[in-house]
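These notes concern the structure reproduced below.
We use all heavy atoms of the structure for the numbers below, so side chains are in, but hydrogens, waters and symmetry mates are not. Note on naming: letters A, B, ... go to the chains in the order of the sequence lines (proteins, then strands), and numbering restarts at 1 for each one.
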Protein chains: 2
Amino acid sequence: MIDNIINLQKKIVPELTNLLVERYKVLRQVSNEQPIGRRALAAKLNLSERVLRAQVDFLKNAGLLVFSTSGMSVTEEGNNILRELADYVQKLQGLSSLEQYLLARLNIKQVVIIPGDSDKEPVVKREMGRAAARQLLILLKESKCNIVAVSGGTTLAAMAANISGNFPETVVVPARGGLGDTVELQANTVATVLAQHLHASYRQLYVPDSVSQEVLRSILAEDEGVRAVVDIVKHANILVHGIGRADVMARHRHLPQPFIDKLLAEGAVGEAVGQYTALDGSQIFMTNNAGLMMQDLPQIGTVIGVAGGKSKAKAILAVSRATRQDILITDEAAANEMANILSNGQ
Amino acid sequence: MIDNIINLQKKIVPELTNLLVERYKVLRQVSNEQPIGRRALAAKLNLSERVLRAQVDFLKNAGLLVFSTSGMSVTEEGNNILRELADYVQKLQGLSSLEQYLLARLNIKQVVIIPGDSDKEPVVKREMGRAAARQLLILLKESKCNIVAVSGGTTLAAMAANISGNFPETVVVPARGGLGDTVELQANTVATVLAQHLHASYRQLYVPDSVSQEVLRSILAEDEGVRAVVDIVKHANILVHGIGRADVMARHRHLPQPFIDKLLAEGAVGEAVGQYTALDGSQIFMTNNAGLMMQDLPQIGTVIGVAGGKSKAKAILAVSRATRQDILITDEAAANEMANILSNGQ
DNA sequence: CCCTCTCGGAACATTTTTAGTCCCACAAAA
DNA sequence: TTTTGTGGGACTAAAAATGTTCCGAGAGGG
């Protein structure tokens, strides 16, 4: 019920959660160090004196703060409010602290957590897609000329469907060759849809999945078009990829059952851009295909990983450890489970 | 619990309410008339095209609206949100609709309802005082030169304590002569404190309470100072007064018990500026003192009544019916009880 | 006693946001 | 075909937020 309201508000008036938290922080800080002056307080809170002043003036008018010559103090009413606000703010920004935790533990530059569980509520997957879209747009706006590589999957498809912009200089390519999947979820399709929504151009990469090493080599050697696209892909400066469970993806790719058993026995839990990794981040197996491989990732400007659902927690952890991730977009269920695993020392 | 959160938010991020309700209304209106265009929608909602545009752009980015060449429509997710928002908004602006109701039934220009019950929570009384202060400041800003008359009482004292401004042209006077009360709550004291907080000047009115008609006449005849102040009081253009229960105030003023019994038997329930009124607004008795009387109120520019608590509901009703009130500041408990009484046809 | 330091308050310039007002291409209806 | 409505873009004026700077008051140390 209460969580419902918080989510509702985050959805429809997201700018106010920040405001509430900021005012709460000001009030709390004053409470801790009263009486304290504007400048000292501004320094403590990393706010400019002027914006802090706007806040304290508001709090003063609301009767929560009093000013005196020695500084500001919290009124009795302010203390009451502060006490009541505490757990509300906790819930409100509970995800933020989770974000900070994962960010530190996984050495990722930015973590975005969408409330909910995408295993249970499809809407969460859409929201993750939207969040990924937001991040991508920010990156695109920074430099107009970009090569964006994308993988397939429902979340990435949701991202492509929910983005819009105007970046005619940008080229969108699939990160790897085609995966025998529903057309809408293939990387090629995602790249096309994304490019159309961004008013960007796109290139396709038609390479059948799980071909033998020799066939792949001959394709690359003979097919001028494929080689050109692969060359573009290798120079991508943004990669947006989904993360899958090793077992699910292996079955999905119709690997032979004995091979799957071996893979899992060796500890493979996560998959991203064709590579299967164990929980500790070690590489177990890599599918054979054209396009980006994990060893290419460090050369890419920004890597955005997107995946959610409690069931994918281990997969996300594995992939995050295996390669550099710059931005991780996940959901509450996965984030909580990941924090659980991490705090149990694994 | 939920009410608690709403109050908390109204206190610390009051701008949230308006924004949320506005966006809700936009979403609802689109839902009713989809597909509809910006201009038509703006006209329906009495918004300028530009501000409406800001809102629909937000709702579009949030994935709640979709735009097409034929107009805007609500997405499936938007419909879900709309359904969930409905009762939340109801609660959020529940007081607003109460305000509208009282405003219409009592023929008052403006009604302000503070959440809570001042009988039970002292903080509500403070909030009423603050609300009264806000209204007073608005009035004072409209015209720099003013005579403000105030009555006594805890709420009015709270108002005086919680106001601040700079109105050197303004004169603050007590509405009536002194009431044998705690000094802090006397009209004279309230006037003084108020004047100091407003940087205004003030005049005192020292007339003992419940003197005989003759003594009062002789005071007015002989005491130049009192007469001068009374003259100022009569020309007040703003009156802020409390409203009391007839029985409480009668005892408070030490009227003889048989007289009190008679008063109550005749139906007196409310008291304001020395006048006892019945529920239907008829005048039962008027104390004998210098200063404003009820028949003077129509000549005064703006009359602000302040009172709260369920126990005072009848008193507020009685006084509101007896004389013109421009602004009524009360609390949730009193407002609810008043609405009850009104809807029972009394 | 004075000196100094920090306080709140306030003024001003600048930047950023918001709002008012057009115009345009396009699609659907007439 | 014209007309009417749509979303989208663009430009400008107004307003709000913010950065910057200064001031006098009062507390506290010398």
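Here the P atom of nucleotide C:dT18 and the CD atom of B:Glu22 are 13 Å apart, to the nearest Å. Between the CZ atom of B:Arg39 and the C1' atom of D:dT6 there is a distance of 7 Å, rounded to whole Å. Rounding to whole angstrom units, CG of residue B:Leu52 and C1' of D:dG7 are separated by 12 Å. In this structure, the CZ atom of B:Arg53 is 13 Å from the P atom of C:dG20, given to the nearest Å. The distance from atom NZ of A:Lys60 to atom P of C:dG8 is 10 Å, rounded to the nearest whole Å. Atom-to-atom, CG of A:Asn46 to P of D:dG19 comes out at 13 Å; the value is rounded to the nearest Å. We find that CG of B:Leu65 is positioned 11 Å from P of D:dG8, with the value rounded to whole Å. For the pair A:Ile36 CD1 and C:dT6 P, the computed distance is 13 Å after rounding to whole Å.
Taking 4.0 Å as the cut-off between side-chain N and carboxylate O, B:Glu22 and B:Lys25 do not count as a salt-bridged pair. One finds a salt bridge joining A:Arg130 and B:Glu77 here, because a Lys/Arg side-chain nitrogen approaches an Asp/Glu carboxylate oxygen to under 4.0 Å. Using a 4.0 Å cut-off between charged nitrogen and carboxylate oxygen, A:Arg23 and B:Glu15 count as a salt-bridge pair. Between A:Lys10 and A:Glu127 there is no salt bridge, since no side-chain nitrogen of the basic residue lies less than 4.0 Å from a carboxylate oxygen of the acidic one.
Looking only at side-chain heavy atoms (C-beta outward), B:Tyr88 and B:Ile6 come within less than 4.5 Å of each other.
Judged by closest nucleotide on DNA chain D, B:Glu49 is the one of B:Glu49 and A:Arg50 placed further toward the 5' end.
Smallest separation of non-hydrogen atoms from B:Ala131 and B:Val112: CB-CG1, 4.3 Å.
For DNA chain D, none of the residues of residues 193-202 of chain B falls under the heavy-atom distance limit of 4.0 Å.
Close to C:dG20, at under 4.0 Å from its OP1 or OP2, lies a side-chain N or O of B:Ser48.
Under 3.5 Å, the side chain of B:Arg38 and the base of D:dG5 form no donor-acceptor pair of N or O atoms.
Residue B:Ala40 is in sugar-phosphate contact alone, with no base atom involved, counting any heavy-atom pair closer than 4.0 Å across all strands shown.
Residue A:Arg203 places its CZ atom among 12 or fewer non-hydrogen atoms of other residues, nucleotides or ligands, all under 6.0 Å distant.
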